[in-house]
Amino acid sequence: MTPPVTGGGRHPWRAFAGWRHRRPFAPGLLVLLGGVEILLTQRASVTVILTAGADSLAGYVLPVIMIVCGALIVLNPRQRLFYSIVAVLASLATWVTSNLGGFFIGMLLGLVGSSLAFGWLPDQPARRWRLPRARREKRA
């Protein structure tokens with residue numbers, strides 16, 4: 001049994017959910033999972049590996065860059081634009097260096113996640129809904 005949380009009475013899962021909703025969590029997780037998948041395909045059996053530079057250093061460095069960018073997208077959302085650009089470039093480069101981007105799966109996860117991270121906007125205050133000028137004049 002875990003002791004109850006003191007100081008405000010918030011449950012740890014709710015605190016995590018609040019933290020998660022204030023940052024691009026899902027995009028960062030997709031980029032991270034894409035990098036992990038590509039790293040795992042590097043260790044596939046010899047009969048499965050498509051040798052397109054699988055033994056080269058870039059085949060291992062690019063997925064690690066994707067993993068780091070995925071973690072940094074989540075942990076440092078203010079710099080998400082830079083990290084998402086680096087992640088999309090690393091994802092595209094794995095097509096050549098890492099078994100066709102982890103047999104397409106890892107590359108697609110990285111591309112989708114970095115695209116979502118690039119388009120993510122932090123919470124903004126709600127805009128006040130306004131009628132078009134012609135309709136406002138009719139109402140008055």
Side-chain angles (χ1 to χ4, degrees):
M1 291 271 262
T2 59
V5 177
T6 59
R10 282 188 84 181
H11 191 271
W13 185 253
R14 288 183 193 248
F16 172 71
W19 175 83
R20 184 186 56 169
H21 289 298
R22 290 188 305 269
R23 50 194 69 239
F25 188 78
L29 188 64
L30 285 175
V31 172
L32 190 135
L33 289 176
V36 168
E37 197 274 335
I38 292 171
L39 273 178
L40 290 176
T41 60
Q42 290 291 337
R43 304 308 314 159
S45 68
V46 176
T47 58
V48 176
I49 290 177
L50 302 174
T51 54
D55 293 330
S56 68
L57 183 62
Y60 292 99
V61 170
L62 290 173
V64 169
I65 289 173
M66 287 176 62
I67 291 170
V68 169
C69 284
L72 288 173
I73 285 171
V74 173
L75 298 175
N76 191 5
R78 288 182 183 245
Q79 301 296 324
R80 73 189 178 283
L81 296 176
F82 174 73
Y83 298 136
S84 64
I85 290 171
V86 171
V88 78
L89 292 175
S91 297
L92 288 172
T94 60
W95 171 264
V96 178
T97 61
S98 303
N99 297 331
L100 297 177
F103 303 113
F104 301 109
I105 297 168
M107 183 184 70
L108 288 176
L109 284 173
L111 289 174
V112 169
S114 57
S115 299
L116 288 173
F118 190 83
W120 180 82
L121 292 174
D123 289 338
Q124 298 175 348
R127 291 186 179 184
R128 196 177 70 179
W129 186 75
R130 293 180 52 177
L131 290 172
R133 180 175 284 177
R135 291 184 73 191
R136 270 187 279 156
E137 292 171 357
K138 278 186 178 179
R139 282 184 123 187

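In this chain, residues are counted from 1 in sequence order. What you see is a predicted model, and the numbers here were worked out from it, not measured in a lab.
Nearest heavy atoms, Cys69 versus Val86: SG-CG1, 3.6 Å. The minimum heavy-atom distance linking Val31 with Ala87 is given by the pair CG1-CB, 3.9 Å. Here the closest heavy-atom approach between residue Ser114 and residue Val88 is recorded as OG-CB, 3.4 Å. Here the shortest heavy-atom pairing between Ile38 and Pro63 reads CG2-CG, 3.3 Å.
Put simply, Ile73 and Val68 are part of the same group of oily side chains (I, L, V, M, F, W, Y) that touch within less than 4.5 Å, one to the next. Phe104 and Leu109 fall into different hydrophobic clusters, where Ile, Leu, Val, Met, Phe, Trp and Tyr are joined by side-chain heavy atoms under 4.5 Å apart, directly or via other members. Cluster membership for Phe82 and Trp120, using ILVMFWY side-chain heavy atoms within less than 4.5 angstrom, is not shared. Under the 4.5 Å side-chain heavy-atom criterion for ILVMFWY residues, no single connected hydrophobic cluster contains both Tyr83 and Leu75.
Distance CG/Leu111 to OG1/Thr94: 7.5 Å, rounded to 0.5 Å. With rounding to the nearest 0.5 Å, the separation of CG in Leu121 from CZ in Arg80 is 6.0 Å. Taken from CG in Leu72 to CD1 in Ile67, the straight-line distance is 12.0 Å, to the nearest 0.5 Å.
Residues Leu33 and Met66 are not in side-chain contact: their nearest non-hydrogen atoms beyond the backbone lie 4.5 Å or more apart. Taking the side chain as every heavy atom from C-beta outward, Ile105 and Thr41 never approach each other to under 4.5 Å.
Annotation: side chain to side chain contact (heavy atoms under 4.5 Å, CB included) contacts of Ala71 (sequence neighbours excluded): Leu32. Legend: residues meeting side chain to side chain contact (heavy atoms under 4.5 Å, CB included) with Phe118, ordered by chain and number and at least two apart, are Leu81, Ser84, Ile85.
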Indicate every side-chain donor-acceptor pair of residues 12-30 with a distance under 3.5 Å to a residue at least two apart or in another chain.
| residue | atom | partner | partner atom | Å |
| --- | --- | --- | --- | --- |
| Arg22 | NH1 | Gly18 | O | 3.0 |
| Arg23 | NE | Trp19 | O | 3.3 |
| Arg23 | NH1 | Val74 | O | 2.8 |

